[in-house]
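Throughout, a chain's letter reflects where its sequence line sits, starting with A, and its residues are numbered from 1.
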Amino acid sequence: MIEIRNLFKTYGHGSAAVHALEGVDFDVDAGEVVMLMGPSGSGKTTLLSIMGCILRATSGSVKIDGREVASLPEKKLPGVRLEHFGFIFQGFNLFPALTAQENVELTLKLKGRSAREARRQAGELLEQVDLSEKAGRLPSDLSGGQKQRVAIARALAGDPPIILADEPTAALDSQSGLNVMQMLTRLAKQRGRAVVVVTHDSRVLGFADRIVEIADGRICSAELGMEKTA
Amino acid sequence: MLTLAWKNLFHDRVRLAVTLVGIVFALVLILMQFGLFLGFLDTSANIVERSGADLWVTSPRIPYVNGGSPLSESNRWKVLAVPAVERVDRYILAWVPWKLKTGAIENVQVVGYNLDSGVGGPWNVVEGSAAALRGEDTVIVDEIYKSLLGVSRIGEVFEISGRRARIVGFTRGIRSFTTAPFVFCSFKNALNYGAGIIREDQAVYLLVKGRAGVSANALKAAVQPMVPELDVLTNEEMHRRTQTHWVFATGAGITTLLGAVLGLIVGVVVVAQTIYAATVDHIREFGTLKAMGASNGHIYRVILAQAAISGVMGYTAAIAIALTVSEGSQGGNAPILLPPEVAVGTLALALAMCMGASVISIRKATRIDPAMVFRG
Ligand SMILES: Nc1ncnc2c1ncn2[C@@H]1O[C@H](COP(=O)(O)OP(=O)(O)O)[C@@H](O)[C@H]1O
Ligand SMILES: [Mg+2]
């Protein structure tokens with residue numbers, strides 16, 4: 001699904017240069033849940049951004065479904081993102097003027113669904129994250145956990161093969177954090193979607209098929225999840 | 001995308017209100033100033049435009065219609081000798097004093113025309129009739145100037161140049177660009193009022209009508225050689241010359257046009273600033289949109305749609321205000337004209353203004369690095 005080889009990323013130049021990634025190899029298979037762990041500043045977000053075609057690598061290879069994207073021109077990247085990825089952010093990044101329903105519909109419309117189709121699918125997705133009765137609410141009326149569930153519905157909208165989440169539980173209390181992770185992994189599994197989650201939260205590791213640790217821009221260990229879900 | 005534009009716009013109502021006030025203010029200013037300008041164009045030479053003459057034979061090099069000087073009546077026979085000429089009427093336009101009942105004096109412009117042909121006579125007579133000007137010492141004025149001239153009804157008698165002037169009718173909407181109203185009367189009567197300026201054997205203009213099918217230019221070419229020491233202007237030339245003088249040479253037109261341009265600048269600046277502030281406020285959302293895979297084209301559409309919606313809403317309010325003011329100005333001395341072309345043109349201008357004002361916002365939004373979304 002994703003195949004990353006010998007990836008380097010350097011921010012800035014000369015004496016101000018920061019070597020965020022130094023020769024990373026990383027793979028994600030279809031349908032698996034991978035947790036990416038590591039201390040702050042180790043390069044997790046950088047790796048996730050490059051994987052999601054949001055950031056360009058300094059060198060190395062990034063293949064998505066066998067297609068090299070590291071060398072794609074800038075103009076092609078939005079299309080790749082739209083087709084392959086759903087994103088979940090630490091700060092939710094919902095559109096504050098749109099209701100929960102409209103937030104999900106927006107993604108579907110971006111992906112070319114008709115208004116009617118978008119309405120139907122968004123309704124279904126909100127039902128799956130247990131928020132049907134909040135569909136007409138603005139994000140400001142929702143709790144953190146509810147917002148992140150809307151974000152999950154949005155990330156799943158249009159069925160992208162890969163969901164990328166950067167610290168999705170960091171802004172939540174532990175109970176809603178667990179709840180969100182549970183929902184995310186369950187829905188991803190049901191639909192056979194791959195999920196890469198950057199996290200600090202060791203209590204959510206149980207949801208992983210595989211845990212990858214990164215430190216100082218290098219992968220230092222990869223192990224199986226504690227509780228392998230088939 | 002349109003939903004997002006619409007919802008974002010209405011999400012922050014205070015900002016929307018500020019934007020709309022800016023747009024409305026600018027558009028009303030533009031409409032008023034431009035309407036005033038059109039009003040100037042219309043009134044400055046109305047007397048020429050509606051004269052019905054094909055040619056004006058004048059003393060040499062007069063600057064505008066209100067600045068004519070007497071010429072000899074004998075020229076009339078020379079012009080009449082031209083086969084293409086149907087008729088030639090003597091015409092007077094002269095500045096004379098009007099005495100109110102209070103004893104106060106107002107300057108007026110007496111218009112003496114040939115009652116038989118009606119060329120150069122009043123139009124839009126709403127009370128009394130032009131035919132009544134056959135009576136002795138009779139005049140017609142416009143109802144707009146009733147209070148200025150101290151007139152309230154038909155039959156009242158005033159003094160022009162010390163001679164009787166009896167009101168026999170009122171016109172509607174014949175404004176004078178200057179402060180001196182027009183007073184219509186027979187040519188003969190005007191000679192009396194203008195005595196001391198114009199002799200019995202003179203006229204200020206000769207108004208020429210050509211035979212059917214003869215163009216004004218052909219007529220002019222035929223008439224000019226007969227009166228080489230005089231100027232011959234087509235009605236259109238006289239119209240333009242007079243308009244140019246009053247509207248441009250006096251600076252009145254330039255001032256109003258400048259006001260309109262100023263309105264446009266104010267509008268662009270205010271709208272640009274509020275749209276820009278809104279874009280900056282929504283920068284994270286635009287970043288998210290981009291991260292999710294929206295192209296720059298999608299982002300343009302959101303910003304432009306917001307600008308266009310603001311423009312249309314502002315325009316709707318502005319045109320309503322402007323039409324009301326324009327309506328109210330019709331009875332006054334400086335009418336504000338808003339023909340449909342101007343109303344439609346202003347809508348286009350409003351859209352262009354708002355969209356033009358979004359350019360910097362679009363530049364800002366398209367430079368957003370989507371990677372920002374993962375940073376705190
Ligand atoms: N835009 C940037 N410009 C310069 N340095 C950056 C930028 N983004 C991240 N870095 C640096 O790259 C390193 C890795 O950052 P990041 O990928 O955000 O790590 P993590 O997500 O694991 O905390 C850090 O040292 C960070 O300061
Ligand atoms: Mg990070």
Worksheet item: Considering only heavy atoms from C-beta outward, does the side chain of B/Val373 approach that of A/Asp166 to under 4.5 Å?
Response: no
Worksheet item: Does the side chain of B/Thr288 come within less than 4.5 Å of A/Arg154's, by heavy atoms?
Response: yes
Worksheet, complete the sentence: If one checks every heavy atom of B/Asp12 against chain A at 4.5 Å, the contacting part turns out to be neither
Practice prompt. Compare all side-chain heavy atoms of A/Ile54 with those of B/Phe374 and state whether any distance is below 4.5 angstrom.
Written response: yes
Worksheet item: Below 4.5 Å, heavy atoms only, C-beta onward: do B/Pro370 and A/Arg81 meet side chain to side chain?
Response: yes
Fill in: Exceeds 12 heavy-atom contacts within 6.0 angstrom, atom CZ of A/Arg191
yes
Worksheet item: Which bit of A/Ile88 comes within less than 4.5 Å of chain B, counting heavy atoms only: side chain, backbone, both or neither?
Response: backbone
Worksheet item: In Å and rounded to the nearest 0.5 Å, what is the CG to NZ distance from A/Asn103 to B/Lys7?
Response: 10.5 Å
Item to complete: Measure distances from A/Pro96 to the heavy atoms of chain B and classify the residue's part below 4.5 Å as side chain, backbone, both or neither.
Response: both
Worksheet item: Minimum heavy-atom separation for A/Pro78 to B/Ala294, with atom names?
Response: CB-O, 3.9 Å
Fill in: Most contacts with chain A, counted as non-hydrogen pairs under 4.5 angstrom, among B/Asp369, B/Thr3, B/Asn8, B/Leu4
B/Leu4
Worksheet entry | Heavy atoms from other residues, nucleotides or ligands near NZ of A/Lys63 exceed 12 (cutoff 6.0 Å) | no
Worksheet, complete the sentence: Applying a strict 4.5 Å limit to non-hydrogen atoms, the region of A/Leu138 in contact with chain B is side chain
Fill in: Heavy atoms of other groups near A/Glu127 CD, more than 12 under 6.0 Å
no
Discussion item. Nearest 0.5 angstrom please: A/Leu82 CG to B/His298 NE2, how far?
Written reply: 7.5 Å
Worksheet item: More than 12 heavy atoms of other residues, nucleotides or ligands under 6.0 Å from CZ of A/Arg120: is that the case?
Response: yes
Worksheet item: Which one, A/Ser49, A/Pro160, A/Ala115, leads in non-hydrogen pairs under 4.5 Å with chain B?
Response: A/Ser49
Worksheet entry | Contact summary for B/Ala371 and A/Leu55, nearest pair of heavy atoms | CB-CD1, 4.0 Å
Worksheet item: For B/Ala291 and A/Phe89, which heavy atoms make the closest approach, and how far apart are they?
Response: CB-CZ, 4.4 Å
Worksheet item: Take atom CZ in A/Phe8; do more than 12 heavy atoms of anything else shown fall under 6.0 Å from it?
Response: yes
Worksheet entry | chain B contact via A/Phe95 - side chain, backbone, both or neither, heavy atoms under 4.5 Å | both
Worksheet item: Is it the side chain or the backbone of A/Glu102 that comes within 4.5 Å of chain B heavy atoms, both, or neither?
Response: side chain
Fill in: Proximal component of B/Leu9, with respect to chain A [non-hydrogen, under 4.5 Å]
neither
Discussion item. One pair to check against side chain to side chain contact (heavy atoms under 4.5 Å, CB included): B/Glu285 and A/Leu98. What are the steps and the verdict?
Written reply: CA-CA 11 Å; B/Glu285 292 169 53; A/Leu98 301 184; over 6 Å; no
Discussion item. Counting only heavy atoms not in A/Glu68 (residues, nucleotides, ligands), do more than 12 fall under 6.0 Å from its CD?
Written reply: yes
